[in-house]
Amino acid sequence: MNAIFEGIGASVRRKEDLRFISGRGHYTDDMNRTGQLHCILKRSDRPHAIIRSIDTSAAKAAPGVVAVFTHADLDADGVGGVPCGWQIHSKDGSPMVEPAHPVLATGRVRHVGDPIVAVIAETRQQAKDAAELLVIDFEDLPAVAHIADAIAPGAPLVHDAAPGNTCFDWHIGDKAMVDAAFERAAHRVKLDLTNNRLVPNAMEPRCAIGDYDPMSGDFTLITTSQNPHVIRLLMGAFVLHIPEHRLRVVAPDVGGGFGSKIYHYAEEAIVTWAAGKLHRPVKWTSDRTEAFMSDAHGRDHASTAEMALDAEGNFLALRVSTVANLGAYLSTFAPAVPTYLSATLLAGVYRTPAIYAEVRAIFTNTVPIDAYRGAGRPESTFLLERLLDTIAHDTGIDRIELRRRNFIPADAFPYQTPVALQYDSGDYQSTLNAALKAADWDGFPARKAEANSRGKLRGIGVSTYVEACGIAPSKLVGALGARAALYEVAQIRVHPTGSVSVFTGTHSHGQGHETTFAQLVASQLGIPYENVDIVHGDTNKIPFGMGTYGSRSLAVGGSAMVKAMDKIILKGRKIAAHLLEAAVEDVVFENGQFTVAGTDRSKSFGEIALTAYVPHNYPIEELEPGLEETAFYDPANFTFPGGCHICEVEIDPETGVTTVVNFTAVDDVGRVINPMIVEGQIQGGVAQGIGQALLENAVYDQQGQLVSASFMDYTMPRADDLPNISVGTETTLCTHNPLGVKGCGEVGAIGSPPSVINAVVDALSDYGVRHLDMPATAHKIWSIINASGMKMAAE
Amino acid sequence: MYDFTYEKPTAIAAATATLAADMEAKALAGGQTFIPVLKQRLNKPTVVVDLSKLGLTGITVTPSTVTIGAMTTHATVANSAEVQKAIPALAHLASMIGDRQVRARGTIGGSLANNDPSACYPSAVLALGATITTDRRTIAADDYFQGMFTTALEQGEIITSVTFPVPEKAAYQKFRNPASRYAMVGVFVAKFAAGVRVAITGAAQGGVFRHAAFEAALSANFSPDAIAGIATPADDLNSDIHASAEYRAHLIGVMSKRAVAAA
């Protein structure tokens with residue numbers, strides 16, 4: 001194994017960056033097809049209303065307009081609704097309420113941004129002009145946007161089929177065992193907390209181009225997607241009823257996703273269907289304002305967490321009750337986020353013997369919510385790590401000691417949690433120790449005293465976490481309600497002169513796959529890195545793969561590559577054995593050479609490739625020519641990255657402004673292929689985590705209007721909001737995939753938010769603060785300080 | 001944006017003639033507010049008159065005044081060694097507007113004509129008691145600002161330059177809106193022989209205003225302590241998702257003290 005991985009671990013510069021930073025990327029909106037039309041969507045400006053009538057006559061007559069479509073047109077063609085990819089069952093065994101999610105609204109609009117009419121014209125300007133001529137008669141209905149309002153008795157219903165606005169009422173764990181543990185507990189600590197709603201805001205807004213060839217009957221969709229095959233499956237099979245061999249989905253360069261580009265969106269179906277109707281390509285491009293009201297949002301949970309402890313501070317049982325806002329309709333994977341992607345992580349890094357969690361998912365008159373970087377794990381991590389510090393606060397046990405006392409020990413793996421998951425590996429004491437050292441935890445009191453002398457409050461916070469990614473074992477997730485498999489595919493095509501094209505079902509939208517995967521394949525095959533090309537994002541080129549999300553690309557997609565390369569190497573050994581007149585079992589492959597063991601007789605990888613394609617001297621009776629192999633890899637388990645994040649903040653008590661002065665992340669992401677890319681991924685994730693903790697908040701008013709609907713009011717983190725982020729890794733290898741990798745894409749966003757809030761609470765400890773919800777804005781902190789009536793000693 | 005006719009005159013008379021003749025004609029300075037407004041279809045002008053070729057750029061400094069051409073960009077003011085020497089607070093203010101791209105395009109005249117209640121420049125103009133020169137007259141700062149997005153400018157009137165008296169001391173302190181980076185509270189403090197002027201931007205519903213209580217206290221004793229005990233009423237201040245009126249009232253005090261300390 002060591003020889004195979006020689007060379008891995010180099011910080012190779014990202015080969016894709018040259019085109020990205022020089023403006024030569026090929027993003028969907030950069031593409032224009034001959035005869036292309038432009039689609040503008042008329043969206044609801046009402047949170048909740050009955051559509052009494054739609055008059056499209058003036059719009060249809062406007063200059064340049066080719067077509068104006070409403071739900072009735074789609075319905076006449078048998079177009080289906082947008083499907084949900086995960087089914088959850090309630091406690092009583094009943095399936096979740098799954099209301100229709102029409103491509104264009106019919107009967108009612110249910111959130112600001114709900115699409116109602118598609119206007120298609122020769123130019124985007126003309127389509128916009130015509131959209132202003134639409135006359136829609138609404139009858140406003142009372143709306144609910146916030147969790148508390150939606151679950152209040154007598155609340156207006158978003159869907160008549162969902163009484164109490166409840167989608168499902170699910171649970172996991174052993175309630176009786178938890179109740180019994182609470183009975184005998186020496187300490188019980190309870191905390192109410194929320195996880196704030198976020199707008200993903202990928203740098204590139206969504207875009208889709210539909211095209212249709214009436215000669216062949218072939219449809220093409222070019223779209224900003226993280227997973228083109230998933231879109232082909234969902235849209236082809238459930239919405240437009242196009243057989244897969246007639247539907248090509250291309251996801252070219254995509255400028256960030258963070259989850260928001262996993263899902264099948266109505267706009268993709270509209271442009272594809274309209275292209276078929278009009279026999280011309282149709283493009284839709286979201287602007288930023290539209291993105292705020294149509295890209296799936298993230299988070300928005302309200303929870304109560306309770307821990308039972310013995311007298312020594314050992315955890316006995318955890319009880320969690322969460323209400324999760326899913327928005328107006330079920331987005332593709334929304335039901336999985338608060339349940340199997342969140343509640344199953346409630347053991348965290350601790351050996352809590354009994355856990356019971358219940359999750360009530362609800363509908364509101366808001367943009368649908370789905371997975372956003374971390375997807376459920378940031379929510380459970382925030383809950384758990386805030387609860388840990390609250391336990392320390394209430395019991396007086398030191399917060400580091402409390403964690404150490406309850407850690408799953410390094411020799412306890414594989415470790416079965418009480419909430420379904422089995423962790424394969426980890427060493428939480430080790431990541432904690434490394435982080436404490438890197439952050440100079442012991443030097444904090446001196447730094448605090450120095451800050452106090454300048455009139456500043458200073459706090460430090462820690463978060464120790466584990467997450468589950470590398471999704472996922474298909475059989476397991478199928479049993480949990482997934483309506484898709486979650487294996488990954490790789491096809492390795494060795495060309496006659498020895499260069500290699502790798503076709504992967506994963507998709508890179510900023511992660512650097514073209515570099516990392518090339519390093520992996522080059523080092524494994526012993527060929528130059530430049531000789532490897534990574535191909536992704538086109539269903540006509542790649543085998544059926546599941547795409548990129550949940551930090552799965554290397555752990556699952558990379559493992560598929562290793563499997564495919566194993567087949568290549570085995571075939572190469574057979575060819576070499578023939579050429580070298582040796583037994584196959586005597587031929588070893590190392591550093592790009594097939595060698596008869598113990599001799600100097602060998603053939604290079606390139607010679608074997610040429611022989612495979614020019615089989616003049618070849619065991620043709622036993623072996624097919626060519627050198628190309630495909631492998632599907634279905635993981636045996638999730639992977640479990642984890643680690644420790646430490647945040648240090650200073651607060652200006654006069655203004656309430658928090659500055660993150662130090663941030664240290666020590667993560668165990670398994671084997672690292674490219675340390676520079678891993679560092680960048682973790683820094684980016686931490687930036688989003690700090691953004692959630694201090695700045696970002698999607699705010700709806702009481703009536704259901706999105707108040708923070710642009711960057712004028714939605715605080716995206718900027719470079720100067722962020723500290724230098726120190727990133728370190730401590731590695732334990734994943735035990736069940738061939739590379740020993742775990743995944744690094746989400747750890748930053750998962751581990752960091754509680755460390756920031758723990759630091760803020762620590763800084764405010766003199767003001768009697770036990771908890772505050774995210775985002776910890778200057779206004780919120782000043783209000784706390786102001787209300788406490790305390791003054792800095794310096795004043 | 002909607003279609004419009006675009007004109008780029010080279011004489012002020014031509015520009016004012018077009019703007020005077022057509023109520024729906026609009027002047028374009030740096031465009032840092034106006035272009036986004038057009039892109040969002042929130043305004044539908046018939047004609048857009050680009051002021052960039054009217055020769056309205058440049059900075060002139062005398063021992064007692066700094067005069068800035070209306071089409072001078074924020075970046076030019078921020079980086080001007082002469083402004084930095086004469087009224088460093090003014091260069092500092094310009095350096096804190098928007099971001100690098102905005103400062104490269106945005107102009108002082110555009111900012112003042114728009115009079116966004118959260119813009120930075122109005123506070124300097126009002127606190128320094130500047131004089132606004134237009135194509136037809138001069139207007140004192142105290143007469144110029146007439147409420148949110150409202151000024152003394154007449155239809156078709158174009159600002160040509162702004163003249164600032166050089167103070168003994170001055171400073172600008174800005175508490176940024178965390179999202180937009182406009183002033184949530186911006187305080188410009190200027191000390192002259194005749195007394196102290198304090199102008200607050202970003203905080204009030206009506207836009208920039210002078211803080212009479214602070215001015216009186218600081219004219220008597222120009223030190224942060226002089227205003228430490230003076231509360232600012234929250235009654236007419238803005239309240240939004242970023243800051244309540246009470247928080248803004250508090251920040252006015254904090255930022256004013258810091259401005260005095262920095263002056």
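As the structure is a prediction and not an experimental result, all values here were calculated from the model. Worth knowing before you read on, the calculation uses all heavy atoms, side chains too, and leaves out hydrogens, waters and symmetry mates. Within every chain, numbering begins at 1; the chains are lettered A, B, ... in the order of the sequence lines, protein sequences first and strands thereafter.
- For a residue to count as touching a neighbouring chain, one of its non-hydrogen atoms must lie under 4.5 Å from one of that chain's; by this rule B:R258 touches chain A with the side chain only.
- Counting non-hydrogen atoms of neighbouring residues, nucleotides and ligands closer than 6.0 angstrom, the CG atom of B:D236 reaches no more than 12 such neighbours.
- Applying the 6.0 Å contact sphere to CZ of B:R100 captures no more than 12 heavy atoms from other residues, nucleotides or ligands.
- Other residues, nucleotides and ligands contribute more than 12 heavy atoms inside 6.0 Å of the CE atom of B:M96.
- Within the 4.5 angstrom heavy-atom criterion, no atom of A:E696 approaches chain B.
- If you measure heavy-atom distances from A:D129 to chain B, the contacts under 4.5 Å come from both the backbone and the side chain.
- With rounding to the nearest 0.5 Å, the separation of CG in B:N177 from OG1 in A:T715 is 6.5 Å.
- Checked by atom type, the side-chain pair B:H242/A:T777 shows no donor-acceptor distance below 3.5 Å.
- Summarising the geometry of A:D713 relative to B:A179, their closest heavy-atom pair is C-CB, 3.6 Å, with the distance given to 0.1 Å.
- Across every non-hydrogen atom of A:M712 and B:Y182, the tightest pair is CE-CE1, 3.6 Å.
- Using a 4.5 Å heavy-atom cut-off against chain A, the contacting residues of residues 33-46 of chain B are B:K39, B:R41.
- With chain B as partner, the option from A:D701, A:D652, A:L695, A:T289 having the largest number of non-hydrogen pairs under 4.5 angstrom is A:D652.
- Within 6.0 Å of CZ in B:R210 there are more than 12 heavy atoms belonging to other residues, nucleotides or ligands.
- With contacts defined as side-chain heavy-atom distances shorter than 4.5 Å, the pair A:V657/B:F175 qualifies.
- The candidate from A:K128, A:M716, A:R718 with the greatest count of non-hydrogen atom pairs under 4.5 Å with chain B is A:R718.
- Note on A:D721 versus B:R181: salt bridge recorded, some NZ/NE/NH1/NH2 to OD/OE distance being below 4.0 Å.
- Judged by distance alone, the side chain of B:Y247 and the main-chain N or O of A:T655 form a donor-acceptor pair under 3.5 Å.
- Among A:P717, A:A778, A:S708, the residue making the largest number of heavy-atom pairs under 4.5 Å with chain B is A:A778.
- For the set B:M255, B:E246, B:M1, B:H250, the count of heavy-atom pairs under 4.5 angstrom toward chain A peaks at B:H250.
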